[in-house]
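Fair warning: this is a prediction, and the values are worked out from it, not measured in the lab.
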Amino acid sequence: MVTSLEPARLLVIDDNKVNRMVLSRNLEQQGHIVETAENGKEGLEKIRTQSFDLVLLDIEMPEMDGFQVLEACLNDISLRQIPIIMTSAMEELDAVVKCVELGAEDYLTKPVNPILLRARVNASLEKKRLRDEQRKLFRTFATKEVAEELLRTGFSLGGKHITGTVMFSDIRSFTTIVESQQPADTIELLNGYFGLMFEAINGNGGTVNQMVGDGLMAVFGAPIFHEDHCECAVRAALAMLEQLKVFNAQQFEKGKQQIKIGIGIASGEMIAGYIGTQNRATYTCIGDTVNLASRIENHTKVALRPLLIDLYTRKGLSDSYKFEDLGPILFKGKQQVVNIFSVTK
Amino acid sequence: MSMLDLNTFNELKESAGADYIGELIDAFLDDAPNLFTQMKTALANKDAESFRRAAHSMKSNAATFGAMELSMLAKELEASGRENNLEIGNRLEIMEETFRQVESKLLALK
């Protein structure tokens, strides 16, 4: 039988003293740390101000009943992930069904059988542990909203047409840099650099799709649509350049390699989705807009400007930026010229 | 229906611990008079909801210790309260008498 890994913090909410005592005692015997509350209002207050891994919630209580407490928790994004097990008398199963439909994790009838209690509590704690791990994993690849969305809906392979903004970014002369230093230094450089770039991108609503060598690709406006995806991308790009200044200053102080980057941004229609198999997939975008962004990024070497955008993106921006019209460019593999702009704050 | 189902009681004693069962019994026996008072007051005030809640608590606590008959009587009174029917005849007195029997059995088992 699998036992719980470490003491969890539990809250027992019940207006009946004997029930509180019996439940607390059982749970403490099972190795957990237990707090109690006498009614819904007190219980909700404790949930908000303290951190609990699981709540055992009586349905019938004065001041605020179990159903109301459950509702309040599920409507609060910071409380929603705490598993709640309803406790009730056999005759209240109708109310229990309502609670489970609303989103309660599980239920137990009173008087509570200690073996069932242990089984259900451990199952809920394990589920929560896995969800927390999942959340952490998602967060390493996506913004908070995307992570929550993925957790909520699961994900399916397959694509959809979206309108968004895609960004490519590269370190200038990276091959030369790699050849000039130790592998360990290169990795350290990349990790420091990526850490800052992620912060700038995630902090402006973007999702990093890929990192290939020193290059990264990020998308704005997908998987969760943002009306101002153009603005977000440009803000992120400018933030990246700011972060880079700080990074370079730190590198200089340590006597280490400083770097320059090029960023290319294009907006428009693309196909977004999870590409791969059920076991291994990346969320990515494909289409003309994506290809264009990549070409634009490449063009930063030629134009000698760190940040270049296309016309569509330009149109999606407020006038609070400085634009330099670099004129129409004909990219290899494209039939039509494309208007490119350099952007600064 | 038993006055005190020893299987239930012993299971409780085992899971809570022999050192704790006394405290649990005390909590029940200390609280019970309040519940009876609450029910009598509710009857006098024709407050079916208060009456129901007190009966509900008694039902729950009695069942915890295995006092099945007491729990059943409380359950009937709870149902009366829910139906807003406070014409309960002498059922409250019968429940009190049953409680007294349960009380002496529990005190002997402490």
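Taking both residues in full, the closest heavy atoms of A/Ala89 and B/Lys59 are given as CB-NZ, 3.8 Å, listed atom of the first, atom of the second, then distance. The nearest pair of heavy atoms linking B/Ala63 to A/Pro111 is O-CG, 3.8 Å. Of all non-hydrogen atoms in A/Arg25 and B/Gly17, the two that sit nearest each other are NH2-CA, 4.5 Å.
Within the 4.5 angstrom heavy-atom criterion, atoms from both the backbone and the side chain of B/Glu23 approach chain A. With a 4.5 angstrom heavy-atom cutoff, A/Glu28 does not touch chain B via any of its atoms.
Counting heavy atoms of neighbouring residues, nucleotides and ligands inside a 6.0 Å radius, atom CD1 of A/Ile115 does not exceed 12 of them. Counting heavy atoms of neighbouring residues, nucleotides and ligands inside a 6.0 Å radius, atom CD of B/Glu87 does not exceed 12 of them. Remark: B/Phe9 CZ is packed, more than 12 non-hydrogen atoms of other residues, nucleotides or ligands lying under 6.0 Å away. Within 6.0 Å of atom NZ in A/Lys110, more than 12 heavy atoms from other residues, nucleotides or ligands are found, so the atom counts as buried in its surroundings. Enclosure of atom CD in A/Glu227 is not indicated, since only 12 or fewer non-hydrogen atoms of other residues, nucleotides or ligands lie within 6.0 angstrom. No more than 12 heavy atoms of other residues, nucleotides or ligands shown are found within 6.0 angstrom of CD on B/Glu14. The local environment of NZ in A/Lys41 is sparse, with at most 12 non-hydrogen atoms from other residues, nucleotides or ligands closer than 6.0 Å.
To the nearest 0.5 Å, the span separating CG on A/Asp14 from OG on B/Ser57 amounts to 8.5 Å. Atom CG of A/Asn113 is separated from atom OG1 of B/Thr8 by 10.5 Å, given to the nearest 0.5 angstrom. With values rounded to the nearest 0.5 angstrom, B/Thr64 atom OG1 is found 7.0 Å from A/Asn16 atom CG.
Most heavy-atom pairs under 4.5 Å with chain B, from the set A/Asp15, A/Val18, A/Val112: that is A/Val18.
Residues A/Glu92 and B/His56 form a side-chain contact, since some pair of their non-hydrogen atoms from C-beta on lies under 4.5 Å apart. For the pair A/Lys17/B/Phe28, no side-chain contact is recorded, criterion being any heavy-atom separation below 4.5 Å from C-beta on.
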Apply the test side chain to side chain contact (heavy atoms under 4.5 Å, CB included) to residues A/Met61 and B/Arg53: give CA-CA distance (whole Å), side-chain angles for both, the deciding distance (0.1 Å), then the verdict.
CA-CA 9 Å; A/Met61 290 182 293; B/Arg53 265 192 273 120; over 6 Å; no
